[in-house]
Amino acid sequence: MSAITWVHRRIRAASDRPSVLLAALPLALLFALACNGSKEVAKEEAPPTGPRRGGTAVVAVISGPQGVNEYVSGARTNTREVLSMLFLNLASEQPDFTDHPPTFKPELAERWEYSSDKRSLTFFLRQDITWSDGVAVTADDVRFSWQAQSHPDIGWVGAEYKEPIEDVEVIDAHTVRFHFEYPFAGQMLYANEGVIIPKHAWSALPFDQWRANADWFLEHLVVSGPFTIDSWRANDEFRLVRNERYFDPELPYLDQVVLRVIPDRASQLVQLEAGSVDYINAISPDDRRRIMHTPNLVFTNYWGRGYAFISWNLRKPLFDDSRVRRALTMAIDRQAIVETLWGEFGRLAITPVPQNIWASKRDLPPIAFDPKEAMKILAEQGWSDHDGDGTIDRDGKPFAFELVTNLGNQQRMDSIVMVQEHLARIGIEVTTRNIPFNSLMPQLNTGDYDAVLIKLSVATDLDFSQYHSRNIASGRNFYAYSDPEVDGWLEAARRVEKAEDMGPYLDKIQGRLYRDEVHTFVWESQIVGAHLARLHGPEPNGYREMVDGAARLEAVHFQAYRVLIFATAHRGLPGAPLRPSHPPLLPSSLGAG
Amino acid sequence: MQVRQVEARIGAVIISVLSVLALAAPLLAPHPPNEQLDPAAGRLRPPGTSVWAIELNNQWRIADRVERRADGLAFERLGRWDLAAFDQVHNLTPAGLVDRRTYWLGTDRFGRDLLSRLLYGARVSLAVAFFAVLLSMTLGIGIGALAATSPRWLDGLLMRGVDGLMAFPSLFLLLTLAVLLRPSSLVLVLLLGFTGWMGISRLVRAEILSLKEREFALAARASGLSPLRVLFHHLLPNALGPALALAPLAIGGVILTEAALSFLGLGIRPPQASWGNIISEGREFILSAWWISTLPGLAIALAVIGFNLLGDSLRDALDPRL
C-alpha cells in the first residue's frame, strides 16, 4: 500500500466520524488562511528595484564595546568596530595593499597636500560635515584629537603613531597642518590613525581625568559617523540608530544596528541558522563546512593580515642555534596542520609579511617537511637518543620544552597538540599548556617561556620594529632576536620617504629572518563570516576591509521582499553597491582571537 | 536472590570489565592512542569507518579507496585521487596494502582512534580515581581516629578544621589549585585526595566515639590494654566497615570531578587521554561528530553507576544500622 493510498483511507475513515470532522474544521480553516497568506507574500517577491532605506540588522558579537572613546577604551576589536560606526577619520584607508602601499580616499578631509620638504601635511576639511548636535566639524577637533592621542595621561594604545608628529596646527576652521620631525613613508598613515573626536563636547573633562571617567563620554556623546547609540546594555545588547546628520544623505541604509552579545560561537551559529541574528563575523572552518549548504546563508571570506607562528625563545640554550631551529621546522608537518585546521581557508606562512601584502617576499620557498633530515641535523649538533629512553639528549639533558599558546583559540590549541606529536616522532618531548591571553602576555614580555604559538596581525605601515634589538628589554621583541644588520635595515626602512622604497629593506629583513629561522611560521588564514541572504553588503573588502576588526555597516541593507516573508522585525529594502569603510589602524599586535 | 545482591553483582561486573579493559589497554587498543596518521583525512570519521593507511616517504596518507595502476598506487583522499609511485609506498606488498584500518568507535579531531583513546583514558580516569580515594580514605580514617581518641581540645581543633574545609566550595578550591599547579596524573591524585577526606574522617570519628562506649571496648580497656592497642585491635576494625562502604561511592564522585577538571582544561593534559578531556575535545563537534563526546560520557556514566551499585550494596552489608 502506498503512502498516498494509506492517507486517503485514513481520511475516508475519519470522515465517517462527525467528531473528527468537527475537530478538523478549525485546522482546515487555519490551513486555508495560511495558504492565502502565502499567496499574498508571493506577490511581494518582486525583484528589488533600487536602493531604499530601512530595517534593523542584528549582529552577533563575542563581547560588547568597552566604551565610546577610542583613546581610553582600549584596542579591542569589538570596541573598534562600534567606534568606526560612530566617528570618522580624516581619510579612508583603502584595502588595496595587496599590490602596493595602501591609498586613501577622502572622508572628513576632502583633500590633502605635502609641503615641498615633505615635513608637513595639510588637510582641507569638508565644510558640510557636522556633529550629531549640529556643530560643525572643524580643524580644532583634529588638533584636539591629536592632543588626546599623544597625551601621556591618556596613554592611548596607538600613541606611538603620533610620536613623529611635532605639532598639529590649525590654519583656519577647515584647514589643519601636521608637522613631522622628519619625512617618512608612513606620514599619511600616522596622521590618519585614530578617529576625530568632538572638542566642543569632550574638552570639558581634563585629559588627566579621562581614564577614570570612561563612562562620561557615553553621557556626552556626539558623533560624526553614520550611526549613533540609542541604547547601551553592557554585556547584553547595544542598539545603534541612524545619525540623521550624517554627511551623506543616502547613508546609512539601515535604521538600526543591534549588536547582540553572544559569547559562545556555537550559540551565535545556532541563532544565525534560526534567523534571529543576521550576521556573525567569524566562524570556524569546521562550522563553515558543516553549514555550507544551509539555505539562506551567504558566506564571506578573505585573507586576514595575520600569521601564526611558533616563536622559539632565543634566550634559551635549546634554541640558540639556527640549525636546531631549522630542524624543528623541518620536523613539524605544517602543511598537515594547515590542511587539518583550515582546509581551503588557510595556507603556509613563510615570512612575517603575509602573502596578501605588497611587500611580502613571495619567492622564498617553504621549508619542506623532512623529519629524517631534521634528525640528521640534530644528530650533527649532538642530539641523539644516547640513553635509549625515546627522547633525544645531549650532555645528559633531554630535548624537552614547553610549548604554550593562549587559551580560547581552538586552532592554536589544536595546533600545539599536533606539533607535540610531530616532534615526539623524532624524539623531542614537548609538553603543552594553554594559558589565558592576559596571563600569557606578561610571560612573553618577561621572556618566561620556552616556545609559544601565537598570531600576529600586521599593520599596513609594515613596521617590524619588534625585531629590533632595542625592543628586547621592553618585551616587544619577546623572541630576543638580535642582529645589528636587521636593526640597521629597520631604521633605514623607517626613514624612506616613499613607501615603495621600503620594499628592498623589507626583502632583506624577511630573507634574514628566513635564514635565521627565528620562528617557525605556520599559517595564514582567511576570516570567514556568514550572514543571512536577506542582508546585503557585508562583503569581503567591504565589511571588514581585510583589516582585522572594523565594520561600519553604513552600506549594509536588506532586500525588501525576502524580509517581508521571513521576518517582520527586519523591514529592510534593497540598496546600492557597497561603499568601502575605513577602520582604524593599530600597531602590529598580538591577538587572542 | 535479594535486589541488593543483584545490584552488587551488576556493579562488580561493570567495574571488573572496565578495570580489565583499562589494564589490558596496550593489548586491546587497535592503535596507539596519540597517533595522528593523517589528521586532515582521518579526522572525525564516524564509528565503523574503514580506511586504507598508506605509508609514503615522510608521511602517512589516509585513503578511502585505493587502486593499483600501471604507474603506481592511486588513492582517493579527501575526495580527490592522487597517485604515488610504487617505490614511494612503503607498506605495499604484492598482495596489496597491508594497512587496512577500521575505527570501531570513530576518530577524534586529530584522526586519533577513539576506541584506543577510550581504553587508555580508562586507565587514567580509573587510576586517578582509585588512588585519590585511597589517599582520602587513608587521611580520613587516620584523622578521624586521631580526633576520636584525642583529648577534647585536639578533637575540637581537628573537627573545626574539617568544618572549615567542608564549608569551602571544593570545586572552587580544586579549580584554584589546578590553575596554580600544573596538572598531571599525580597532581590530580593529590588534589582530589587532599580535598576528599573530610567526610570520611567525620564518619570514622563518629563511629569510634560510639564504639568506645560499647562493652567490648570498655572490657578491653579494663583488661589493661593500651589505648593504641584498643584503637587498632578493637575500635578501628569495627569502624572501618561503614567507611570502606563509602569508597566505591567516592570513586564514582572522583571520576566525575576528574572529568570536570579535565573538561575545563585543568586536569589531564593532552595528548594523554582521560575520559574527561576526550569529552572536552569533542564538545565543538557535538552536532557533527557526536561520538567523540558521547562515548566517553557513556563510559563515565557506566563507571559511576557500577561504583554506586557496588557502594550501596557494600554499605548495606557492612553498616549494621541499615
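Below, read A as the first sequence line, B as the second, and so on, with proteins coming before strands; counting in each chain starts at 1. If you're wondering where the values come from, they're calculated on a predicted model, not measured in any experiment.
In plain terms, the two heavy atoms of A:Glu421 and B:Glu35 that are nearest each other are OE2-CA, 4.0 Å. Taking both residues in full, the closest heavy atoms of B:Pro39 and A:Thr340 are given as CB-OG1, 3.4 Å, listed atom of the first, atom of the second, then distance.
Between B:Arg43 and A:Asp286 there is a salt bridge, with a side-chain nitrogen of the basic residue lying less than 4.0 Å from a carboxylate oxygen of the acidic one.
For the pairing with A:Val417, the side chain to side chain contact (heavy atoms under 4.5 Å, CB included) check across B:Arg109, B:Arg112, B:Glu281 returns one residue only, B:Arg112.
Few gaps surround CZ on B:Arg100; more than 12 heavy atoms of other groups in view lie less than 6.0 Å from it. Other residues, nucleotides and ligands contribute at most 12 non-hydrogen atoms within 6.0 Å of the NZ atom of A:Lys376. The neighbour count for B:Arg80 CZ, taken as heavy atoms of other residues, nucleotides or ligands under 6.0 Å away, does not exceed 12. For B:Phe130, the CZ atom counts as loosely surrounded, since its 6.0 Å shell holds 12 or fewer non-hydrogen atoms of other residues, nucleotides or ligands. With a 6.0 Å radius and a threshold of 12 heavy atoms from other residues, nucleotides or ligands, B:Asp71 has its CG atom above the threshold. Other residues, nucleotides and ligands contribute only 12 or fewer heavy atoms inside 6.0 Å of the CH2 atom of B:Trp104.
With a 4.5 Å cut-off on non-hydrogen atoms, B:Ile286 does not touch chain A at all. Heavy atoms of A:Arg425 lying under 4.5 Å from chain B belong exclusively to its side chain. At a 4.5 Å heavy-atom cutoff, the contact between A:Glu402 and chain B is made by side-chain atoms alone. Of the atoms belonging to A:Ser284, it is side-chain heavy atoms, and not backbone ones, that fall under 4.5 Å from chain B. When heavy atoms are compared at a cutoff of 4.5 Å, A:Glu339 approaches chain B by way of both its backbone and its side chain.
Although no hydrogens or angles enter the test, the distance criterion places a donor-acceptor pair under 3.5 Å between the side chain of B:Arg269 and the main chain of A:Thr432.
Heavy-atom pairs under 4.5 Å with chain B peak, among A:Arg290, A:Arg289, A:Met413, A:His422, at A:Arg290. Chosen from A:Gly343, A:Pro371, A:Ala336, A:Ser439, the residue pairing most often with chain B at heavy-atom distances under 4.5 Å is A:Pro371.
Here the straight-line distance linking atom CZ of B:Phe110 with atom CG of A:Leu341 works out to 7.0 Å at 0.5 Å rounding.
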